[in-house]
Amino acid sequence: MKFWPFGKRTISESPSPVPLCPFSEIDRKTPILKYHALRALGGWLQDRHDDCRSPHPWCGDGPENPARSFIAEAIHQIDGNTGEPILAIYLIQVTFDTIPPKGPLPEEKEVLQFMAAWYPASDTPFGKLVISESINDDGTYVAYYGSVRDPVPGTFATGGLDPEGDIRSFRCNPYPDRGQYWYRDASFIPDETRCPRFYCLEMQNEWWIADAEISLQRDTLWVATHHVAAIAKVDNPEHNFGLFKIPAGGILSNPNDGSELSRAIFENFPLL
């Protein structure tokens, strides 16, 4: 079975309705958090352009070898300035000891096995995506991206956007008119005690996103990856080329929110 479905159809699947759940009702134990995090992340990856030379992490041509990759960890937080709920997605650099699958259409099993072998390359995130509570009527999200201020080492879902950093705005459209995309709702474990985590891999002009389930079995750390999204890498004609910076006021989240959860995870599973 091939992983990439776009060779067999010419249009994208119809989007499922966006859950009308305010962020104030989202916490780390609700499947709605995974729903919004996956689609906001997919829309962010689609808001890119090859000719953009602004400090957007996924614009430009990108390296061919090694593959461009990162881990995204999502958490519900409270804005440190306004007190309003937000969805925060922390971005973590990865390292791996295996070779990425090659060929124009790698098998899904090969890709998921490769992603399951990832582990963080640093004990702090390299960036943060903040999704504001207001979800537009068309299902798009407003997001701010920048470096992280005061992260707690070994705890990835901590730290606010750095007000002295280069904060950029994005319009995240998970279902754009251009290009192709595919989503599957990420699995939800009722007793899950860790922040939802997605593994993202750019290969063959495509972004592959997998939902990661991490468990400890017989003193061995197991990572199971499930294919939940596929996004064609195309230029967005409405892309903001980033000729200006966004002020940080009003979008700084509590740097300590979620730290106890993340610290407990790291102490038990140091490779996480």
Side-chain angles (χ1 to χ4, degrees), residues 3 12-47 69-78 84-92 94 108 111-112 115-116 118 120 125 127-136 139-145 155-158 170 172-175 181-201 207-215 222-231 253 257-258 261-262 264-265 269 272:
F3 169 77
S12 303
E13 293 181 348
S14 299
S16 56
V18 176
L20 298 178
C21 176
F23 281 17
S24 58
E25 297 179 9
I26 298 175
D27 59 34
R28 61 181 173 84
K29 293 185 178 181
T30 66
I32 303 298
L33 171 62
K34 276 193 170 184
Y35 181 99
H36 286 300
L38 176 61
R39 283 154 179 79
L41 183 62
W44 182 53
L45 293 174
Q46 299 214 27
D47 189 6
S69 56
F70 66 96
I71 293 172
E73 189 164 290
I75 189 173
H76 173 259
Q77 292 183 331
I78 301 299
E84 298 297 324
I86 60 172
L87 171 60
I89 301 178
Y90 289 86
L91 310 178
I92 307 162
V94 301
E108 177 184 23
V111 177
L112 294 179
M115 298 172 84
W118 291 1
K128 180 178 183 179
L129 194 67
V130 173
I131 314 299
S132 63
E133 180 179 15
S134 299
I135 303 175
N136 298 325
T140 62
Y141 305 83
V142 175
Y144 302 91
Y145 169 78
T155 57
F156 298 113
T158 60
F170 292 85
C172 303
N173 183 3
Y175 309 113
Y181 50 81
W182 175 88
Y183 293 94
R184 173 189 294 155
D185 286 338
S187 60
F188 174 67
I189 304 174
D191 296 329
E192 194 169 25
T193 59
R194 50 174 295 276
C195 298
R197 179 171 286 186
F198 298 100
Y199 287 13
C200 305
L201 172 66
W207 276 104
W208 305 20
I209 303 179
D211 180 26
E213 294 181 7
I214 303 174
S215 60
W222 291 86
V223 179
T225 50
H226 309 279
H227 161 217
V228 291
I231 298 168
S253 60
D257 196 9
L261 169 66
S262 296
I265 294 169
F269 308 134
L272 301 188

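Scanning both residues, Ala230 and His227, for their nearest heavy atoms gives CB-NE2, 4.2 Å. Nearest heavy-atom pair across Ile92 and Pro120 is CG2-CB, 3.8 Å. Looking at every heavy atom in both residues, Lys34 comes nearest to Asp211 through NZ-OD2, 3.1 Å. Considering all non-hydrogen atoms of both residues, Cys172 and Pro174 come closest at O-CD, 3.4 Å. The minimum heavy-atom distance linking Leu38 with Arg184 is given by the pair CD2-O, 3.6 Å.
Remark: Arg197 is not positioned above the aromatic ring of Tyr199, lacking an NZ or CZ atom under 6.0 angstrom from the ring centre and at most 45 degrees off the axis.
How far CD1 of Ile71 is from CG of Leu201: 11.5 Å, rounded to the nearest 0.5 Å. We find the CG-OG1 distance between Leu112 and Thr225 to be 4.0 Å, quoted to the nearest 0.5 Å. For the atom pair CD1 (Ile89) and CD (Gln77), the distance works out to 11.0 Å, reported to the nearest 0.5 Å. Considering CG of Leu87 and OH of Tyr141, their distance stands at 8.0 Å, rounded to 0.5 Å. The structure places SG of Cys200 at 4.5 Å from CD1 of Ile209, a figure rounded to the nearest 0.5 Å. Here Lys128 contributes atom NZ and Thr158 contributes atom OG1; the two are 8.5 Å apart, rounded to the nearest 0.5 Å.
Phe70 pairs in a ring pair (Phe, Tyr, Trp, His ring centres under 6.0 Å) with only one of the listed residues (Trp118, Tyr90, Trp207, Trp208), which is Trp207.
Between Tyr175 and Tyr183, the closest side-chain pair of non-hydrogen atoms falls below 4.5 Å. Within the 4.5 Å cutoff, the side chain of His36 has no heavy atoms near those of the Ile131 side chain.
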